[in-house]
Structures are given as C-alpha cells and as structure tokens.
2 protein chains.
Amino acid sequence: MKQNKTSISSKCKRSRCPVACMLDILGDKWTLLVVRDMFFGKHTFKELQQSMEKIPSNILADRLKRLQKEKIIDRTLYQERPRRYAYNLTQKGLDLKPVMQSLIAWSNKYNPDTYDMSKVK
Amino acid sequence: MKQNKTSISSKCKRSRCPVACMLDILGDKWTLLVVRDMFFGKHTFKELQQSMEKIPSNILADRLKRLQKEKIIDRTLYQERPRRYAYNLTQKGLDLKPVMQSLIAWSNKYNPDTYDMSKVK
DNA sequence: TTACTCACTTGCAAAATAAAAGTTACTAAC
DNA sequence: GTTAGTAACTTTTATTTTGCAAGTGAGTAA
C-alpha cells in the first residue's frame, strides 16, 4: 500500500472519482493521441513517432510504458533478428472507443477546422 | 494569423485532428475535473476549490480563464456588493456530457475502486 | 569496414505545476 | 473606526514535467 489518506485506493491517485482516476492515467496532451494512432493501425514505435503531431521520442517511450503498466496496450515481439516490437490495444484499450468517438463528435461539432475521422467505427 | 505550418487552423495547435484539438483544450489533469464539478452544481470559485482533489488555486484560476476563452463556460456576476461570480457551462460545455459519461463508464468498468456517479444523467 | 535502421535513452533548457502566502474588495462584530 | 473574516483571485518560489537534440545498442545490407 502506498498511501492512506483515509483510504484512497492504490489504483486511484487523487480520489475515487472515475473522472479523476481516468485523468490520472490519460490526462495529458499525448496519451490519447497514441491510443488514437493504435486505433488507426499504427503499431510500432517508429509509426507512432511519425504521426503528424510529432511526439518527442522520450515522451512516446514514457507513454508506451505507462499504457502497458495500465494494461491498455501490450507489447509483443513480432520479429526476432532484428528484434521488432508491436504495440496493440488490449480489450481495456479497445473499450476506449466510445470515449474517442464522443470526443471526436464534440470536436467536430464545435471546431469546424477539425477533419472527419469516420474511419473510427 | 498566428502560425502557418502549411496551414494549421488558428483554433488547432498541433494538427486538425479532432482528438488533438480537444486535447489542446482539455488535455490535462484538472480541466475536466472542473467541468465535472460544474455538471454537479458547483459554480463559485470557492466551491470548485473545495472539491476533494484539492486543485491549487492558481491552477483553478488559470483553467477557469481557459474554459471561458474556449466558451465552454461563462462567468456572471450574480451579486453586487460584495461582488460574487458564478461560473456556468455553456451549451458547448453541456455537450461534453457524452464524453464524461463514456469516460465514467470506462473507469467504472476497469477500476472497481471508483465510485458510482449515476447522478450524471 | 562503413553506413543505415529501429527502438529506444540521456542530458539539459524551458515550461507547467504545486504549495504557500499575499492582495483586494467588501461585510460584520466589537 | 479598528479588528476580524470571507470570496476570489494573484504572486512567489520550488519542484516536476515537457521538449528538443543528440546519443546508444543490436542488428542488417553493401
């Protein structure tokens, strides 16, 4: 047990509120972009690094570790010699789809400059 | 016009992707907690400051300014002498409800330590 | 032997966040 | 009219996180 501030669960950093706990994991500018890319078929470090927002490689490495720790993605060796790894969404990650969809709908509704992503289905 | 990196809209900081643009506004640990509190009837600086995650007052002030700038909330003087202000969700803010709901559902599904928020309807 | 690629890691400056204390406008109590 | 108190912020300073550039290690290909 790490903290005991009148018992906040070990999996919840600030409170037991579902919104707060979700933000403890995904609340930053990059993590959901990595998840988005994986929904769109990007799986390797390089592919993720090349997407248009140009995530710094140290941040990408850090976020991939966090996402693995949270079991939102997993990493598998898909090729020995040379070793190559593929990141994939777990069921927990795939279940973020409704979050992605609603947030995309909101963005499209209020920011006409954003493009259509109807590929996410 | 601020930037012109082969034309990224002035409202989109990193790209025109709806996910990225949403994260440019709401992608941090606190902003959506403020929105959550307003969905639950908190309207004054003090009420927002007192919620259980204990947001630092400078961060709260900053986020309230950003949310106003983005027209997700507005600020009204509800009492002269002494001056008191109330923050309220605009329609744009209210339209974040599906995002909140899906994210709460995801959190509840995968983190059993999070509590029920069925009040958000 | 040299050049190149992928998947990271390291170092350092810049920016954002956190905690505490301070400010302004006003009311209420003594 | 002086002291105490409150709401809504702001300021200061220290700590943490981020961003950029460069570097590393395992392996391939020429």
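Chain naming here is simple, since letters A, B, ... match the order of the sequence lines and numbering starts at 1 in each.
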Practice task
Let me know the distance between CD1 of I55(B) and P of dA20(C), rounded to the nearest Å.
Solution key: 16 Å

Fill in the blank from the handout: Result for side-chain contact (heavy atoms from CB on, under 4.5 Å) between M22(A) and one of L26(A), I25(A), V19(A) points to L26(A)

Handout entry: Start and end of the DNA chain D segment that chain A contacts, any atom under 4.0 Å from a heavy atom
Key = dT18(D) to dT28(D)

Problem - Between dT17(C) (C1') and D28(B) (CG): distance, integer Å - result: 10 Å

Handout entry: Exercise: identify the closest heavy-atom pair between L94(A) and F39(A)
Key = O-CZ, 3.6 Å

Exercise for the section: Could you tell me whether the side chains of S102(B) and S102(A) share a donor-acceptor contact shorter than 3.5 Å? Expected result: yes

Problem - Connected via hydrophobic side-chain network under 4.5 Å: Y85(A) and I72(A) - result: no

Practice task
Flag the pair E53(A) and K13(B) as a salt bridge only when some basic side-chain nitrogen lies within less than 4.0 angstrom of an acidic carboxylate oxygen.
Solution key: no

Pairs: protein N or O with nucleotides 7-11 of chain C N or O, under 3.5 Å:
| from | atom 1 | to | atom 2 | distance (Å) |
| --- | --- | --- | --- | --- |
| dA7(C) | OP2 | K46(A) | N | 3.2 |
| dC8(C) | OP1 | R75(A) | NH1 | 2.7 |
| dC8(C) | OP2 | Y87(A) | OH | 2.6 |
| dT9(C) | OP1 | K65(A) | NZ | 3.3 |
| dT9(C) | OP2 | K65(A) | NZ | 2.9 |
| dT9(C) | O4 | S57(A) | OG | 2.7 |

Exercise for the section: Figure out the CD/P separation between E80(B) and dA25(C), and round it to whole Å. Expected result: 14 Å

Handout entry: T90(B) versus D74(B), side-chain donor and acceptor atoms under 3.5 Å
Key = no

Practice task
Could you state whether Y78(A) and L89(A) fall into the same hydrophobic cluster, counting links through intermediate Ile, Leu, Val, Met, Phe, Trp or Tyr residues with side-chain heavy atoms under 4.5 angstrom apart?
Solution key: no

Handout entry: Side-chain ion pair, D28(A) and K29(B), N-O less than 4.0 Å
Key = no

